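Worksheet: the structure to be examined is printed underneath.
Please read these numbers as outputs of a predicted model, since none were measured by experiment. Worth knowing before you read on, the calculation uses all heavy atoms, side chains too, and leaves out hydrogens, waters and symmetry mates. Whatever order the structure lists ligands and atoms in, that order sets their numbers, starting from 1.
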Amino acid sequence: MSEPVQTPQTFPTRIFSGIQPSGGLTLGNYLGALKRFVQKQDEGIETIYCIVDMHAITVWQDPAKLRQQTRELAAGFIAAGIDPARSILFNQSQVSAHVELGWIFNTVARMGWMSRMTQFKDKAGKNSENVSLGLFAYPALMAADILAYKATHVPVGEDQKQHLELTRDIAAKFNNDYGVNFFPITEPVIEGAGTRVMSLRDGTKKMSKSDPSDQSRINLTDDTDTIAKKFRKAKTDAEPLPEDLEGLKDRPDARNLVNIYAALADITPEAVISQYAGAQFGTFKPALADLAVAKLSPITRKMSELMQDTTEIDRILGAGAARANAIARPIVDEVYDIIGMIRSRQI
Ligand code: AMP
Ligand code: TRP
């Protein structure tokens with residue numbers, strides 16, 4: 001871990017993160033999340049990864065599609081290198097501790113805190129009267145996902161930073177309101193060049209699965225030609241690549257491509273610049289496309305292989321959910337005790 005752990009000794013290092021099954025995976029999800037999830041697993045840390053289907057339904061989902069996307073996302077996790085024997089991989093709705101603690105956190109979080117969430121404001125836009133109540137409450141459920149496991153570290157992309165600050169506030173307020181040191185103050189893990197992958201059409205906007213333009217993103221299911229074409233057409237300026245990073249300061253589109261290259265190659269943006277200083281995009285873009293294809297196509301291939309056997313995927317998710325439940329159930333039961341709920345049911 002690159003940062004010193006600030007949580008007390010009583011909370012052993014445990015990683016939790018989640019991705020919504022609300023569409024296909026993008027290069028942003030891969031570099032900002034999945035790839036780093038695999039690194040944490042391979043460092044030998046306890047890792048719990050969740051397909052957050054309960055979050056996905058805060059915006060209406062077609063049931064058949066939701067099932068398909070949940071399985072596809074599971075296949076994506078495994079194809080990217082998550083080993084269900086070493087990490088716990090499951091879908092959220094199979095472990096009821098999440099929604100139970102989510103409700104309790106709805107009573108801990110304050111309206112003012114929730115109203116400041118920029119992702120809600122972005123997603124609701126001018127339509128805030130018509131979006132679901134769940135979309136507003138979403139970050140409290142996210143805090144529950146994390147704290148149901150007393151997770152100490154959460155790897156995410158930059159866009160989730162505010163939600164993790166809220167998670168810390170909820171944990172601190174719960175501990176304070178009930179006079180306990182029960183929940184850890186979770187650390188966000190936002191590191192590396194891939195934590196904010198931008199749109200290929202606009203380097204000031206996040207690459208997103210919900211962008212209406214498919215040209216703006218690389219999907220993990222794109223074929224080799226499509227990936228090459230999208231990089232070739234990516235928006236850039238007319239200047240060659242500069243001699244140092246400082247030269248990319250006001251060039252968001254160029255900066256984005258350099259960051260993507262660095263994250264894919266596991267090197268720093270500085271190293272990319274020193275290799276390509278003075279190069280035209282006519283040279284750099286094909287090199288980037290080749291690198292992306294080399295890194296992504298084995299994952300795409302593995303994903304479609306895994307999708308041939310959805311029974312096996314469902315089995316993996318079920319087994320992961322049983323392991324997740326074994327951790328979360330006693331933690332949430334203890335929360336009920338702390339807050340004063342009678343627990344006398346025998347069966
Ligand atoms: P979502 O698809 O919104 O559920 O996001 C799942 C994970 O991918 C979260 O950790 C996000 O922060 C991360 N993520 C999504 N889009 C990007 C992006 N454009 N750049 C970096 N990380 C991203
Ligand atoms: N809110 C996250 C996103 O949209 C997904 C998510 C839900 C999550 N619960 C989480 C991420 C818990 C990390 C930890 O990307």
Side-chain angles (χ1 to χ4, degrees), residues 14-38 40 47-59 61 69-70 72-73 76-77 80 90-93 95 97-99 101-102 105 117-120 122-123 134-135 137-168 170-171 186-211 216-220 252 256 259-260 262-264 324 328:
R14 177 179 280 160
I15 287 197
F16 182 96
S17 199
I19 302 186
Q20 296 191 60
S22 52
L25 283 164
T26 68
L27 182 64
N29 294 134
Y30 176 64
L31 295 175
L34 272 181
K35 185 167 192 260
R36 294 165 54 237
F37 296 176
V38 175
K40 296 297 169 199
T47 41
I48 305 173
Y49 296 125
C50 184
I51 297 171
V52 291
D53 47 11
M54 291 300 218
H55 279 92
I57 59 164
T58 55
V59 174
Q61 303 287 329
Q69 286 167 0
T70 301
E72 250 168 34
L73 183 50
F77 268 98
F90 71 108
N91 59 313
Q92 187 184 25
S93 59
V95 180
H98 292 242
V99 287
L101 189 59
F105 285 170
M117 293 294 116
T118 54
Q119 184 169 305
F120 174 76
D122 290 348
K123 284 197 179 174
L135 191 69
Y138 173 120
L141 179 59
M142 175 163 164
D145 298 336
I146 296 165
L147 295 172
Y149 301 87
K150 297 192 179 181
T152 54
H153 294 80
V154 179
V156 280
E158 173 74 33
D159 61 340
Q160 295 303 311
K161 197 170 174 201
Q162 194 188 31
H163 288 159
L164 289 173
E165 279 158 12
L166 181 89
T167 301
R168 293 161 66 93
I170 289 176
T186 304
E187 294 287 336
V189 184
I190 303 172
E191 52 191 19
T195 54
R196 195 164 170 78
V197 177
M198 309 308 276
S199 156
L200 299 181
R201 308 300 310 159
D202 178 354
T204 63
K205 254 175 53 186
K206 194 184 73 165
M207 181 181 285
S208 159
K209 47 192 156 200
S210 57
D211 194 310
S216 71
R217 66 180 158 263
I218 304 288
N219 306 299
L220 247 51
N256 185 36
N259 280 350
I260 292 175
L264 281 168

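- Judged purely by atom type and a 3.5 angstrom limit, N256 uses its side chain to pair as donor or acceptor with the backbone of M198.
- Interface of G32 with ligand 1, defined as ligand atoms under 4.0 Å from a residue heavy atom, comprises 21 (C), 22 (N).
- The ligand atoms of ligand 1 that sit less than 4.0 angstrom from a heavy atom of R196 are 20 (N), 21 (C).
- The shortest heavy-atom distance from H55 to ligand 1 is not under 4.0 Å.
- Which parts of ligand 1 touch V156 is read off a 4.0 Å heavy-atom cut-off, strictly below it: atoms 10 (O).
- Between the side chain of R217 and the main chain of S208, a donor-acceptor pair closer than 3.5 Å is present.
- In this structure, CD on Q20 lies 9.5 Å from CE on M142, to the nearest 0.5 angstrom.
- Listed by chain and residue number, the protein contacts of ligand 2 are F16, S17, G18, Q20, V52, H55, Y138, M142, D145, I146, V154, V156, Q160 (heavy atom within 4.0 angstrom).
- Heavy atoms of M198 found under 4.0 angstrom from ligand 1: none, in either backbone or side chain.
- Residue-to-ligand polar distances keep I19 apart from ligand 1: every N/O pair is separated by 3.5 Å or more.
- Every atom of ligand 1 with a heavy atom of G194 under 4.0 Å away is listed here by number and element: 21 (C).
- Atoms of ligand 1 found under 4.0 Å from any heavy atom of T195 (numbered from 1 in listed order, with element): 20 (N), 21 (C), 22 (N).
- Atom numbering of ligand 1 starts at 1 in the shown order; those under 4.0 Å from a heavy atom of Q160 are 12 (O).
- Of the listed residues (G24, S208, G157, P21), the one carrying the non-hydrogen atom nearest atom 9 (C) of ligand 1 is G157.
- A salt bridge between R201 and D211 is absent, with no side-chain N of the basic residue lying under 4.0 Å from a carboxylate O of the acidic one.
- Distances between N or O atoms of D159 and those of ligand 1 include at least one value under 3.5 Å.
- Scanning the protein for heavy atoms near atom 5 (O) of ligand 1, the closest one is N29 ND2, 3.5 Å.
- When only interatomic distances are considered, the shortest N/O to N/O separation between K209 and ligand 1 falls below 3.5 Å.
- For the pair V95 and A324, the tightest heavy-atom approach, listed with the atom from each and the gap, is CG2-CB, 4.0 Å.
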Legend entry - Stepwise side-chain hydrogen bond (donor to acceptor under 3.5 Å, both in side chains) check, D159 with Q119: CA-CA 8 Å; D159 61 340; Q119 184 169 305; over 6 Å; no

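- Residue Q20 approaches ligand 1 through these ligand atoms, each under 4.0 Å from one of its heavy atoms: 4 (O).
- Between G28 and ligand 1, an N or O atom pair is found at a separation short of 3.5 Å.
- Within ligand 1, the atoms closer than 4.0 Å to a non-hydrogen atom of M207 are 16 (N), 18 (C), 19 (N), numbered from 1 in the order shown.
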